[in-house]
**Student:** 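My structure is below; once you've seen it, I'll send some questions.
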Amino acid sequence: MKILVTGGTGYIGSHTAVELLSSGHEVIIVDNLYNSNIHVLDRIEKLSGIKPKFYEVDILDYDKLEEVFKENTFDAVIHFAGLKAVGESCIIPLRYYENNISGSLNLYKLMQKYGVNKIVFSSSATVYGDNYPVPFKEEYGYGDTTNPYGTTKKFNEIILSDLCKADENLSCVLLRYFNPIGSHESGILGEVPNGIPNNLVPYIAKVASGELDHLRVFGDDYDTVDGTGVRDYIHVVDLAKAHVKAIEYCTKFKGADVINVGSGKGYSVLEVLHAYEKACGKTLPYKIYPRRPGDIATCYADVEKAKRVLDFEVERDINKMCEDSYRFTVMNPNGIE
Ligand code: NAD
Ligand code: UD1
């Protein structure tokens, strides 16, 4: 298939581009490089043997985005482009609603205008909120999102579901990611957070590299195995492979379908820290801090649907996730240059 990948130079998009190209799909990337850089394209080429066609376009710019649709005939879209910093979304919510909603509406309008009727959307487990027991199942309703970022994911899911109700030819897979971590095992593709990372594993990586002196563990009084928060971590390459299956699934059904993408297992903050210590061969210092506002105790996926519908199961465990994350950190001290 010829696939438009928005946000394709970003963390998950670049890993997915490699897997799509390696599976014989054609990839055209649109990204405004707000949170990624042009050198990612060389790295995608190194890993897949193919340099994808690239447009430096902001999806908020309808006319420029339309040029991309005029110049290419797409079979499908994978829509990663978006802003994703939860804390920042509470400070500048308008920017998040504009980018993640208005930008997406431009894309959906152009898909309709140019007859592109298959899309995979990057959603998040955050749409379950704190309202349901684990494991989170797709048939649960929406929970109360606790931040504008999460609300943009929920709104996009609702918008795409409504578009499917109005257009019987549209196929839309809403992938709810749990916690993607790790890097390509080559060490040449990975996540490059801006500034001090908010997320656990990028933060631990900076402790391992000596850039930060200890991990702040947010709360040790949750009702979990050791009192620290439990999450479902998924290797980014496994997640990328799920997208290949999802885009192929789009050819087999019509309508909107929600699918969790996780490992189905939960690990506590301290369990992840210890796995990382094993991967880097060092003891990593940590201190206990108060709970982080908005955090829940435990979050992991019911993965039965992904297995049944997509024939998808993860292949990489927590040790592999930490080893690959550490390799990327060591090999790219200045990020992707
Ligand atoms: P990322 O920031 O690495 O990648 C997103 C890409 O989109 C970046 O390259 C950025 O430059 C681009 N972009 C942003 N706004 C754009 C715009 N207006 N026009 C064109 N390009 C734009 O993030 P990621 O971790 O790869 O996440 C990809 C998607 O998955 C996002 O939608 C994110 O919200 C979602 N998601 C991520 C996680 C996670 O933990 N990483 C979890 C759940 C969902
Ligand atoms: C967070 C977001 C979620 C988003 C996801 C991916 C919040 C409340 N949730 O998920 O909406 O989809 O990132 O971008 O921000 N932790 C520490 N110390 C740290 C960092 C994290 O102890 O320095 C703990 C957290 O309290 C949590 C676990 O590690 O228990 C995982 O945190 P994180 O990586 O930020 O992911 P989520 O909170 O699950």
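All ligand and atom numbering here is 1-based and tracks the order in the structure. Atom set for the values below is all heavy atoms of this structure, side chains included, hydrogens, waters and symmetry mates excluded.
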**Student:** Give me the residue, atom name and distance of the protein heavy atom closest to atom 15 (N) of ligand 1.
**Tutor:**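 Looking at atom 15 (N) of ligand 1, the protein heavy atom closest to it is Asn99 ND2, 3.2 Å.
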**Student:** Taking only Lys NZ, Arg NE, NH1 and NH2, and the carboxylate oxygens of Asp or Glu, determine whether Lys305 and Glu313 approach each other closer than 4.0 Å.
**Tutor:**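 So Lys305 does not pair with Glu313 through a salt bridge.
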**Student:** Which ligand 1 atoms, with their elements, are less than 4.0 angstrom from a heavy-atom of Tyr34?
**Tutor:**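 It comes down to these atoms of ligand 1: 11 (O).
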**Student:** Taking non-hydrogen atoms only, is Asn100 closer than 4.0 angstrom to ligand 1 via side chain, backbone, both or neither?
**Tutor:**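 Neither; no heavy atom under 4.0 Å.
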**Student:** Which residue supplies the protein heavy atom nearest to atom 12 (C) of ligand 1, what is that atom called, and how far is it?
**Tutor:**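 Checking every protein heavy atom, the shortest distance to atom 12 (C) of ligand 1 gives Asp31 OD1, 3.3 Å.
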**Student:** Find all protein N or O atoms under 3.5 angstrom from an N or O atom of ligand 2 and list the pairs with distances, or write 'none'.
**Tutor:**
unit_1	atom_1	unit_2	atom_2	d
ligand 2	11 (O)	Thr126	OG1	3.4
ligand 2	12 (O)	Ser124	OG	3.2
ligand 2	13 (O)	Asn199	ND2	2.9
ligand 2	18 (N)	Arg216	O	2.6
ligand 2	22 (O)	Arg216	O	3.3
ligand 2	22 (O)	Phe218	N	2.9
ligand 2	26 (O)	Asp295	OD2	2.5
ligand 2	32 (O)	Arg292	NH2	3.4
ligand 2	34 (O)	Asn199	ND2	3.4
ligand 2	34 (O)	Leu200	N	2.8
ligand 2	35 (O)	Asn199	ND2	2.9
ligand 2	35 (O)	Arg292	NH1	3.3
ligand 2	35 (O)	Arg292	NH2	2.8
ligand 2	36 (O)	Asn179	ND2	3.1
ligand 2	38 (O)	Arg292	NH2	2.7
ligand 2	39 (O)	Asn179	ND2	2.9
ligand 2	39 (O)	Arg231	NE	2.6

**Student:** Which option out of Val261, Asn32, Thr126, Val30 puts a heavy atom nearest to atom 20 (C) of ligand 1?
**Tutor:**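 Selected option, by shortest heavy-atom distance: Asn32.
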**Student:** Take a 6.0 Å sphere around CG of Asp223 and say whether it holds more than 12 heavy atoms from other residues, nucleotides or ligands.
**Tutor:**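 No, CG of Asp223 has 12 or fewer neighbouring heavy atoms, counting only those of other groups under 6.0 Å.
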**Student:** Report the nearest protein non-hydrogen atom to atom 4 (O) of ligand 1: residue, atom name, distance rounded to 0.1 Å.
**Tutor:**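 Looking only at protein heavy atoms, the one closest to atom 4 (O) of ligand 1 is Gly10 CA, 3.5 Å.
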**Student:** Name the orientation class of the two ring planes belonging to Phe121 and His79 (parallel below 30°, tilted from 30 to 60°, perpendicular beyond 60°).
**Tutor:**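 If you compare the ring of Phe121 with that of His79, the planes turn out tilted.
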**Student:** Which heavy atom of the protein is the closest neighbour of atom 26 (O) of ligand 1, given with residue, atom name and distance?
**Tutor:**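 Going by distance alone, atom 26 (O) of ligand 1 is nearest to Ile12 N, 2.8 Å.
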**Student:** Should the heavy atoms of other residues, nucleotides or ligands under 6.0 Å from OH of Tyr286 be counted, would the total exceed 12?
**Tutor:**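 Incorrect, the count does not exceed 12.
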**Student:** Numbering the atoms of ligand 1 from 1, which are under 4.0 Å from a heavy atom of Val57?
**Tutor:**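 Counting atoms of ligand 1 from 1, those under 4.0 Å from Val57 are 19 (N), 20 (C).
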**Student:** Quick one: do His214 and Tyr203 satisfy ring pair (Phe, Tyr, Trp, His ring centres under 6.0 Å)? Show the steps, please.
**Tutor:** CA-CA 9 Å; His214 68 277; Tyr203 200 102; 7.8 Å; no
**Student:** Applying a strict 4.0 Å limit to heavy atoms, is Lys153 in contact with ligand 1?
**Tutor:**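 Flag set, Lys153 near ligand 1.
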**Student:** Starting from atom 19 (N) of ligand 1, what is the nearest protein heavy atom, named by residue and atom, and what distance separates them?
**Tutor:**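 Sorting protein heavy atoms by distance from atom 19 (N) of ligand 1 puts Ile59 N, 3.0 Å first.
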**Student:** Are Glu185 and Arg316 ion-paired here, with the side-chain N under 4.0 Å from a carboxylate O?
**Tutor:**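 Arg316 and Glu185: not salt-bridged.
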**Student:** Take a 6.0 Å sphere around NZ of Lys64 and say whether it holds more than 12 heavy atoms from other residues, nucleotides or ligands.
**Tutor:**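 No, not enclosed.
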**Student:** Which atoms of ligand 1 sit under 4.0 Å from any heavy atom of Ser122?
**Tutor:**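 Once the distances to Ser122 are compared, the set is 29 (C), 30 (O), 32 (O), 35 (C).
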**Student:** When you measure from atom 31 (C) of ligand 1 to each heavy atom in Phe121, Tyr149, Tyr11, Phe80, which option holds the nearest one?
**Tutor:**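 Considering heavy atoms of Phe121, Tyr149, Tyr11, Phe80, the nearest to atom 31 (C) of ligand 1 sits in Phe80.
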**Student:** Charged N to carboxylate O under 4.0 angstrom, Arg308 versus Glu304?
**Tutor:**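 Answer for the salt bridge query: yes.
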**Student:** Run the contact test for Val192 against ligand 1 with a 4.0 Å cut-off on heavy atoms, strictly below, and give the result.
**Tutor:**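 Flag not set, Val192 not near ligand 1.
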**Student:** Under 30°, 30 to 60°, or over 60°: which ring-plane class applies to Phe178 and Phe136, parallel, tilted or perpendicular?
**Tutor:**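 Because their plane-to-plane angle lies in the 30° to 60° range, the rings of Phe178 and Phe136 count as tilted.
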**Student:** Find all atoms of ligand 1 within a distance of less than 4.0 Å from any non-hydrogen atom belonging to Gly7, and give their numbers and elements.
**Tutor:**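 Near Gly7, meaning under 4.0 Å from one of its heavy atoms, ligand 1 has 6 (C), 7 (O).
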**Student:** Tell me yes or no: between the side chains of Tyr108 and Asn156, is some donor less than 3.5 Å from an acceptor?
**Tutor:**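 A donor-acceptor contact under 3.5 Å links the two side chains.
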**Student:** Is it true that Lys245 and Asp311 have a side-chain N and a carboxylate O under 4.0 angstrom from each other?
**Tutor:**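 Yes, this pair counts.
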**Student:** Going by the order shown, which atoms of ligand 1 are within less than 4.0 Å of some heavy atom of Leu33?
**Tutor:**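 In order of number, 11 (O).
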**Student:** Within a 6.0 Å radius of atom NZ on Lys2, are there more than 12 heavy atoms belonging to other residues, nucleotides or ligands?
**Tutor:**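 Above 12, so yes.
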**Student:** Thinking salt bridges, do Lys320 and Asp324 make one under a 4.0 Å N-O criterion?
**Tutor:**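 A salt bridge links Lys320 with Asp324.
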**Student:** Looking at atom 5 (C) of ligand 1, what's its closest protein heavy atom, distance included?
**Tutor:**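 Protein heavy atom at minimum distance: Gly82 O, 3.9 Å.
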**Student:** Can you report which non-hydrogen protein atom sits closest to atom 25 (O) of ligand 1, along with the distance?
**Tutor:**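 For atom 25 (O) of ligand 1, the nearest protein heavy atom is Lys84 NZ, 2.8 Å.
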**Student:** Around atom CD of Glu168, are there more than 12 heavy atoms from other residues, nucleotides or ligands closer than 6.0 Å?
**Tutor:**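 At most 12 heavy atoms, drawn from other residues, nucleotides or ligands, come within 6.0 Å of this atom.
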**Student:** Salt bridge check: are Glu19 and Lys241 linked by an N-O gap of less than 4.0 Å?
**Tutor:**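 Yes.
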**Student:** Below 4.0 angstrom, N of the basic side chain to O of the carboxylate: do Asp42 and Lys51 qualify?
**Tutor:**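 Yes, this pair counts.
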**Student:** Could a heavy atom of Ser123 be found less than 4.0 Å from some atom of ligand 1?
**Tutor:**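 Yes, that is the case, since the closest heavy atom of the residue is under 4.0 Å from the ligand.
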**Student:** From the options Tyr177, Tyr55, Tyr233, select the one whose nearest heavy atom is closest to atom 42 (C) of ligand 1.
**Tutor:**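 Selected option, by shortest heavy-atom distance: Tyr177.
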**Student:** Quick one: nearest non-hydrogen protein atom to atom 2 (O) of ligand 1, plus distance?
**Tutor:**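 The closest heavy atom on the protein side is Asn35 ND2, 2.7 Å.
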**Student:** Compute the minimum heavy-atom distance from Pro180 to ligand 1 and say whether it is under 4.0 Å.
**Tutor:**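 A heavy atom of Pro180 does come that close to ligand 1.
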